[in-house]
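Contents: one structure, followed by commentary.
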Amino acid sequence: MQDIVRRLDTCRVCGGDDWLEVTSFGSVPLANGFLDPADVPAHEPAYPVDVIVCRGCRLMAIRHVIRPDVLFRHYVYVTSESDQMIGHMRRIVGWCDRRAGLAPGDLVVELGSNVGLQLALFQERGQRVVGVDPAENLAEIANARGVRTLPEFFGGDQGRRVAAELGQAKLVLGRQCFAHIDDVHNVLDGATAVLAPDGVLAIEVPYLVDLLQENQFDTIYHEHLSYYSVHTLGRLFESHGLRLVDVERAAVHGGSVVVFAARAEAGREPAPAVAQLHSLERQLGLLDDEVYLDFGARAHDVIAQVRDLVRGLAADGKVVAGYGAPSKGTTLLQFCGLGPAELRFCSDTTSLKHGKLLPGTRIPVRSPEQARAEEPDYYLLLAWNYAAEILSKEEDFLRRGGRFIIPIPQPRVVAARPAAAVA
Ligand code: JHZ
Ligand code: ZN
């Protein structure tokens with residue numbers, strides 16, 4: 001385990017070492033470690049998921065850090081082309097334009113740019129774009145669609161190299177990747193190296209407030225090293241001469257926050273929304289210990305409820321399957337101890353996952369077409385962040401008497417109409 005895992009002893013944001021031990025979800029295999037049925041290892045390595053909070057800067061983190069190349073060099077998560085996500089990416093363009101004032105020819109750099117869907121929207125408007133993403137398989141797809149992408153981890157060297165070659169960036173964007181980064185100082189070093197004097201750094205992360213309030217324990221897995229509040233991000237950015245100038249909350253991935261930062265010397269006044277979120281976080285107790293401990297206790301309670309509900313249904317002879325095979329779903333099933341005895345399969349739209357087995361639980365992944373041939377009585381909605389879109393897409397399944405179980409914040413069963421609350 002030594003070479004793959006590092007124990008986080010000092011805080012990656014503030015360097016402190018006074019940790020609150022929040023809770024442990026035990027040891028599980030990597031959430032995106034889908035298995036090839038022809039090549040199932042005798043023993044799947046598992047790593048602890050222990051949640052800690054730094055008392056210095058209130059960073060919530062997991063204790064065990066997996067080497068990034070193991071997680072991200074080949075990546076199966078492809079940015080969703082769902083209506084919700086496309087709509088969000090268009091909104092991101094507008095939000096960034098409003099803060100950075102993007103003219104044709106301006107440079108936009110995106111970290112963790114995946115297959116380039118977001119950058120393509122900037123490119124359409126005449127911006128020059130470059131993405132940096134360590135997943136070689138995804139960078140190849142992005143380059144093939146005409147979005148220039150470097151298959152690398154972003155850091156100081158990459159920032160300086162892009163600046164030398166393409167000039168300074170009006171916008172440096174990182175969507176849903178910042179929480180995956182261990183050496184955040186190196187990444188901010190790169191971002192500030194390439195950022196124009198009047199440029200904007202926009203970072204989108206799942207929002208800690210939503211995670212705590214909605215019991216999103218299944219978003220805690222090895223890829224997600226950090227769970228950020230505005231408080232902690234603001235403090236981190238300050239240490240790199242950056243100031244938060246605005247924030248937006250967004251519904252994606254169960255509730256996210258987009259923070260916009262500018263160079264402190266640019267002298268921009270923060271919008272009122274920044275102070276509003278700071279005070280919300282203070283009010284909710286994010287600067288104290290209890291709120292985290294309460295979350296840990298609730299999470300274990302929900303895990304037990306989901307497990308009992310699904311096991312009960314399976315024991316009654318109902319066929320249950322998973323809807324989606326997201327990382328959070330493989331995590332939820334592991335934490336709940338649910339396997340092929342309870343869930344016959346998971347259906348997922350991502351072709352890279354088809355025919356594979358879920359890490360740890362070894363539940364097979366099927367395409368939606370295959371799934372329709374053997375419809376279950378209940379779908380456990382693992383991709384709950386797309387609940388509205390999926391429930392309306394699956395109206396026929398519901399009308400035929402099928403049901404969905406939405407696991408969080410508390411498990412509830414959804415039927416065609418009227419919606420019944422259970423458990
Ligand atoms: P989705 C990913 O988490 C991984 P995941 C990553 N670590 C991260 O940080 C977060 O995103 C933010 C499927 N699906 O997007 C597609 C259907 O089958 O919630 C996906 O496999 N039918 C980068 O993996 C999964 O569900 C549908 O109709 O939890 C959703 O995964 C829809 C809409 C989705 O990400
Ligand atoms: Zn800290």
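Start at 1 with the first residue, then count along the sequence. Note that the structure is predicted; figures quoted are calculated from it, not measured. In each ligand, atom 1 is the first atom listed, and ligand 1 is the first ligand listed.
- Environment of CD in E152: crowded, with over 12 heavy atoms of neighbouring residues, nucleotides or ligands closer than 6.0 Å.
- If you number the atoms of ligand 1 from 1 as listed, the ones under 4.0 Å from a heavy atom of Y323 come out as 22 (N).
- Of the protein's non-hydrogen atoms, the one nearest atom 21 (O) of ligand 1 is D348 OD2, 2.6 Å.
- Atoms of ligand 1 found under 4.0 Å from any heavy atom of T350, numbered from 1 in the order shown, are 16 (C), 20 (C), 21 (O).
- Around CD of E136, the count of heavy atoms belonging to other residues, nucleotides or ligands within 6.0 Å exceeds 12.
- Angle subtended at the Zn ion (ligand 2) by C54 SG and C57 SG: 120°, rounded to 10 degrees.
- Note on ring orientation: taking the six-membered ring where Trp is involved, the planes of H185 and H240 are parallel (angle under 30°, cut-offs 30° and 60°).
- Salt bridge status for E204 with R249: absent, with no side-chain N to carboxylate O gap under 4.0 Å.
- The ligand atoms of ligand 1 that sit less than 4.0 angstrom from a heavy atom of E223 are 6 (C), 7 (N).
- For ligand 1, the polar-atom distance check finds an N/O of H180 within less than 3.5 Å of one of the ligand's N/O atoms.
- A salt bridge does not link K328 to D218: none of the charged nitrogens lies less than 4.0 Å from a carboxylate oxygen.
- Looking at M85 against ligand 1, nothing comes within 4.0 Å, counting heavy atoms.
- Inclusion of N385 in the set of residues having an N or O under 3.5 Å from an N or O of ligand 1 is warranted.
- Contact detail for A193 and G159: the closest heavy-atom pair is CB-C, 4.2 Å.
- Residue K328 has at least one heavy-atom neighbour below 4.0 Å for each of these atoms of ligand 1: 1 (P), 5 (P), 19 (O), 29 (O), 35 (O).
- For F72, no heavy-atom contact with ligand 1 is shorter than 4.0 Å.
- Counting heavy atoms under 4.0 Å from ligand 1, residue T349 touches it through both backbone and side chain.
- Counting heavy atoms closer than 4.0 Å to ligand 1, residue W384 contributes nothing at all.
- Within the 3.5 Å criterion, the main-chain N or O of Q123 finds no donor-acceptor partner in the side chain of R128.
- No side-chain donor-acceptor contact under 3.5 Å links E214 and Y207.
- Comparing Q176, H224, H253 against atom 8 (C) of ligand 1, the shortest heavy-atom distance belongs to H224.
- Contacts of E389 with ligand 1, taken as heavy-atom pairs under 4.0 Å, are absent altogether.
- In K393, the part holding a heavy atom less than 4.0 Å from any atom of ligand 1 is the side chain.
- Between S82 and ligand 1, a contact under 3.5 Å exists for no N or O pair.
- Heavy atoms of other residues, nucleotides or ligands lying less than 6.0 angstrom from CZ of R90 number 12 at most.
- Heavy atoms from both the backbone and the side chain of P326 come within less than 4.0 Å of ligand 1.
- Salt bridge annotation for R58-D289: present, with a cationic side-chain nitrogen under 4.0 angstrom from a carboxylate oxygen.
- Near A383, meaning under 4.0 Å from any of its heavy atoms, are these atoms of ligand 1: 26 (O).
- In summary, E374 and R344 engage in a salt bridge, as defined by a charged side-chain N under 4.0 Å from a carboxylate O.
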